[in-house]
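To start, the structure under review is shown below, and the notes come after it.
Reminder, nothing fancy here: chain letters follow the sequence lines and each chain counts from 1.
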Protein chains: 2
Amino acid sequence: MTTPVTLSPAPTGTAVLSGIELARTIRGRVARTAAELTAAGTLPRLAVVVANDDESSAWYVRSIAKAAAATGIHCEVVDLGPDVGPERIRAALRTLSDDVAVHGIMLQTPLPPDASVEDLAAAIAPEKDVDGVNPLSLGRLAAGLPAFAPATAAAVMALLDHHEVPLAGRNAAVVGRSNVVGKPVAQLLLQRDATVTVCHRHTKDLAELTRPAEVLVVAVGRIGLITAEHVAPDAVVVDVGTNPTPDGGLVGDVDAAAVTGRVAGLTPVPGGVGPVTTALLLQHTVRSAARPAAT
Amino acid sequence: MTTPVTLSPAPTGTAVLSGIELARTIRGRVARTAAELTAAGTLPRLAVVVANDDESSAWYVRSIAKAAAATGIHCEVVDLGPDVGPERIRAALRTLSDDVAVHGIMLQTPLPPDASVEDLAAAIAPEKDVDGVNPLSLGRLAAGLPAFAPATAAAVMALLDHHEVPLAGRNAAVVGRSNVVGKPVAQLLLQRDATVTVCHRHTKDLAELTRPAEVLVVAVGRIGLITAEHVAPDAVVVDVGTNPTPDGGLVGDVDAAAVTGRVAGLTPVPGGVGPVTTALLLQHTVRSAARPAAT
C-alpha cells in the first residue's frame, strides 16, 4: 500500500492535517446518538474525577464539560480537591463505577503525589473507562480485544484515517512511551500492520530512528523536539504535544516552521489531535450509554 | 551504556548464549522455595488445561509436568479433549481460579477452532496467571505494574540479563508480534529503556529494520527467517523459534550457521530460551504459592 495522503497539499507542499472538520463530524454523530438515548429515557452521563488545583487541568475539564453539554451529554465534575488521598479517589471511582446512571468515567491528571493513574485506574469499570486508562483496557487493546483506547491515542488513529494515510506495511515511529499516548498508539499502529518503533528519552540518536518513518507520532511534551533533521520528505507527522507558550498560546512538540515544506503532512497545534480527542471522549461515552446494561 | 556482552566469545567470535545454566539455577531456587512451602503446609500446585490432541503440545505438557515434579511442584493436567467448546474450557479455568489449592494455571495451545486464548484467558485469576495470558496481565505489564509476564517473554529478558547484555538506550528489534512473545517482549524491553522496533509479516524490508538492532529477538516460527543480511556485527540475537525438523530435531528462526561469526552473541535452539521458559513457569508458580492468600 503506497497510496499517498489524499489531502490537497498546502502551497508549501505540506498538507495541514486538521482535526477541526473530523471533530465536528464526530460531535454531530454523538449529538444524534445522545438525543436518541435521551428520548429513549437514558441521559448519557460522563463523570470527571478531579483531585488537583491545577489551572490547565481546570481549563481542560471546563472544555470537556462545555463540549459534552453542546452534544447533549451530562458532564458531572467530582472535585475532590488537591489534598485528598488515593483511597478517597479510589472510593469515588468505585461509586461512579457502580452507579448505573453514569456511562463514562475519567480520572483527570495531575493527581496528588501519593496517587498514580496506573494504580487507581483499575477502580474504573472497564465498560465505563472512556479514556482507556484501566490496565485491563490497555491489555485488551494490546491483545486485539474490544476496549476503549485512551481518547488521545484513538484521536491519532482517527486523524490518520480521516486524512487517508495508509498504515499497513509502513514504517511508523512513535516518540514518547506514556501509558495514555505513546504505548497505546504503538499498539494501535501495530494492529493496523505498521512496523512500529517506539523512541523515548533514552533513545541514543532520535533523528536516526525517526527519519525512516513514513508516519511519525510525537507525544513527549517538549517544544521544538522534532525539527527538519528528524523527518523524511514523505513523512506524515502527528503532533500530540500541547505545550503552553508564555503568551497564553499552545504549541506542539514539532517545530512546525522547520518541517513545513519538508514533510507530506503535519497536524496543526492547536486544531489537530486536541479537538478530535475531546470528540472521541464524548463518542466513547454515548457508546457506553448505548450498550445494553450488564446483568 | 555500551558495556559489551561479557560472555567469553566462542572461537567464531559469536558467544553462545546458553539457557541451560540459568535454567538450572532458577530450578534450584524454585526447588528450595517449593520445599519450604511444602514444609509449611502448602504444596505448590500448577494446573495445565489442555483441549487438543496435538502431539507437540502433549510433549510440552509432559516436559513441564516432569520439570515440576523434579522441583517439588505438583502438576495437574486437566485434559478436556479436543472436541470441547469454549464454555467448558472457561468453566474449567474458573473452577481452578477459585480452587485455593491451585497456585498456577496454564491454558495450553492449540485450542479448538471456536476458542481463543485472548477470549478465554480472562477466566484465569490474574494472581494465578503464571504464563501471563490474561489481558489484565498484559495491560499491567504494559502499564509498568507488577504482573506475571508470559514465561517465554520473561525468559528472553532473563537470558539477556544472565549474559549481562545491556539494554538501556540500545536499539532493539523484535520480529513477531504475538500476544505471548513479541508484544510482551517489546513492552519489557521498552521498560528497560531500550528503543524498540516491532517487525512482522507486513514489514516491507525486514533486513533494513533488523540490521540496526543491537539486540534482536526473533519469535515467528519460520526456519531460516534471519540470515546474515539481517544482522549487525555487534548484535545479540535471541532466537525464540522452536521449529521441528523432519528428523525429530528442533531448530530456531535464525540460520545459526549463517550468522555465527557475524554477531556478538546468539542463543542456541534447543538449549536457549526453552529451558529458561519452563524454569520461569515453575518460578511463577512458587511465587504465586508463596503469596499471602487474598482475603
Among [options], residue most engaged with chain A (heavy-atom pairs, under 4.5 Å):
options                                : answer
B:Ser178, B:Pro184, B:Ala186, B:Gly169 : B:Gly169
B:Val174, B:Val117, B:Asn171, B:Asp205 : B:Asn171
B:Thr203, B:Val196, B:Leu136           : B:Val196

Give a yes or no on whether the backbone of A:Ala194 and the side-chain of B:His200 come within a donor-acceptor separation of less than 3.5 Å.
->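 Yes, the answer is positive, given that a donor and an acceptor are paired below the 3.5 Å cut-off.
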Can you find a pair of side-chain heavy atoms, one from B:Asp193 and one from A:Arg177, that are under 4.5 Å apart?
->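 In short, these two side chains touch, coming nearer than 4.5 Å.
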Evaluate the side-chain proximity of B:His202 to A:Leu190: yes if any heavy-atom separation is below 4.5 Å, no if none is.
->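 Result no, sub-4.5 Å side-chain heavy-atom pair not found.
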So, for A:Lys204 and B:Arg170, which heavy atoms are closest and what is the spacing to 0.1 Å?
->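 Of all heavy-atom pairs spanning A:Lys204 and B:Arg170, the closest is NZ-CA, 4.3 Å.
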Step through the shown structure and confirm whether more than 12 heavy atoms of other residues, nucleotides or ligands are within 6.0 Å of CD on B:Glu208.
->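 It does not: B:Glu208 CD has 12 such atoms or fewer within range.
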In terms of heavy-atom contacts, does CZ of B:Arg287 have more than 12 from other residues, nucleotides or ligands at under 6.0 Å?
->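 It does not: B:Arg287 CZ has 12 such atoms or fewer within range.
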Residue-level interface, residues 139-149 of chain B with chain A, non-hydrogen cut-off under 4.5 Å =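 Counting heavy atoms that sit under 4.5 Å from chain A, the residues of residues 139-149 of chain B involved are B:Gly139, B:Arg140, B:Ala142, B:Ala143, B:Leu145.
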